Amino acid sequence: MGPHFERLCREWVEWHADPETFGGMPIQVASGTVADPVSRTSLEADVVVHGAIGQDQGILLSVGEAKWHEVMYLGHLQRLRRILELLAARGVDTRHARPACYSGAGFAPELRAAADRGEVLLVDPERLYRGS
């Protein structure tokens, strides 16, 4: 179910999410990986959103992780922040990028608190099916 849920999340971003959700109009939505030379591993992002803000196109709007059977917690947000750090170190403009967590099982209280502070976007099945 995991890969199907990841694809569903990407389709939601591309076809149903309000542009205000990501601070711009999504144009390209994909998955991707980035190498972490410190840990000698690759970090995968399930939902990578590039889009337009005004006349500027190709801007990184969001990097996200999708989990169907797992409650997401602060560790997931920290991983997304690490991906953004690595991209910034490579010269990618991450100023407009919002970390996003997509979960079919829910979110831990500390991750919800981070969302309340505007640090992360949370998307659950209800939002996928009923909201923008």
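Please read these numbers as outputs of a predicted model, since none were measured by experiment.
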[X] side chain near [Y] side chain, heavy-atom distance below 4.5 Å:
| X | Y | result |
| --- | --- | --- |
| R127 | T21 | yes |
| H76 | R79 | no |
| V34 | R90 | yes |

Is [Y] reachable from [X] through a run of I, L, V, M, F, W or Y residues, each pair having side-chain heavy atoms under 4.5 Å apart?
| X | Y | answer |
| --- | --- | --- |
| I59 | V92 | no |
| L8 | L121 | yes |
| V63 | V123 | no |
| M25 | W15 | no |
| F22 | L60 | no |

Return the [atom1] to [atom2] distance between [X] and [Y], rounded to the nearest 0.5 Å.
| X | Y | atom1 | atom2 | result |
| --- | --- | --- | --- | --- |
| H16 | L128 | NE2 | CG | 9.5 Å |
| T41 | D36 | OG1 | CG | 5.0 Å |
| D124 | E126 | CG | CD | 6.0 Å |
| I27 | E14 | CD1 | CD | 10.5 Å |

Where is the tightest heavy-atom contact between [X] and [Y], given as atom of each residue plus distance?
| X | Y | result |
| --- | --- | --- |
| P26 | V49 | CB-CG1, 3.8 Å |
| V47 | C9 | CG2-CB, 3.9 Å |
| A35 | L86 | O-CD1, 3.7 Å |
| G104 | P125 | CA-CG, 3.7 Å |
| A105 | H69 | CB-C, 3.9 Å |
| S103 | F5 | C-CZ, 3.8 Å |

Original post:
Hydrophobic cluster mates of L77, side-chain heavy atoms under 4.5 angstrom, ILVMFWY only, any path?
Top reply: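 Listed partners: M72, L74, F107, L111, V120, L122.
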**OP:** Kindly determine whether L80 and C101 satisfy side-chain contact (heavy atoms from CB on, under 4.5 Å), including the steps that lead there.
**Re:** CA-CA 9 Å; L80 293 171; C101 292; 4.0 Å; yes
Subject >> Trace of the side-chain contact (heavy atoms from CB on, under 4.5 Å) decision for Q57 with Q28 >> reply: CA-CA 10 Å; Q57 295 188 17; Q28 180 183 13; over 6 Å; no
**OP:** Step by step, work out the salt bridge (charged side-chain N to carboxylate O under 4.0 Å, His left out) result for R81 and E85.
**Re:** CA-CA 6 Å; R81 286 176 175 156; E85 288 173 5; over 6 Å; no
Original post:
So with a 6.0 Å cut-off around CZ of R40, is the heavy-atom count from everything else above 12?
Top reply: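 No, CZ of R40 has 12 or fewer neighbouring heavy atoms, counting only those of other groups under 6.0 Å.
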**OP:** Tell me, with the steps shown, if Q78 and R82 meet side-chain contact (heavy atoms from CB on, under 4.5 Å).
**Re:** CA-CA 6 Å; Q78 292 165 344; R82 178 65 181 150; over 6 Å; no
Original post:
When the ring planes of W12 and Y102 are compared, do they come out parallel, tilted or perpendicular, using 30° and 60° as the limits?
Top reply: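 It falls in the perpendicular class, over 60°.
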**OP:** Evaluate side-chain contact (heavy atoms from CB on, under 4.5 Å) for I53 paired with L61, printing each intermediate quantity in order.
**Re:** CA-CA 9 Å; I53 298 176; L61 299 177; 3.8 Å; yes
**OP:** Name all residues meeting the ring pair (Phe, Tyr, Trp, His ring centres under 6.0 Å) criterion together with H50; count only those two or more places apart in sequence or in a different chain, and write none if there are none.
**Re:** none
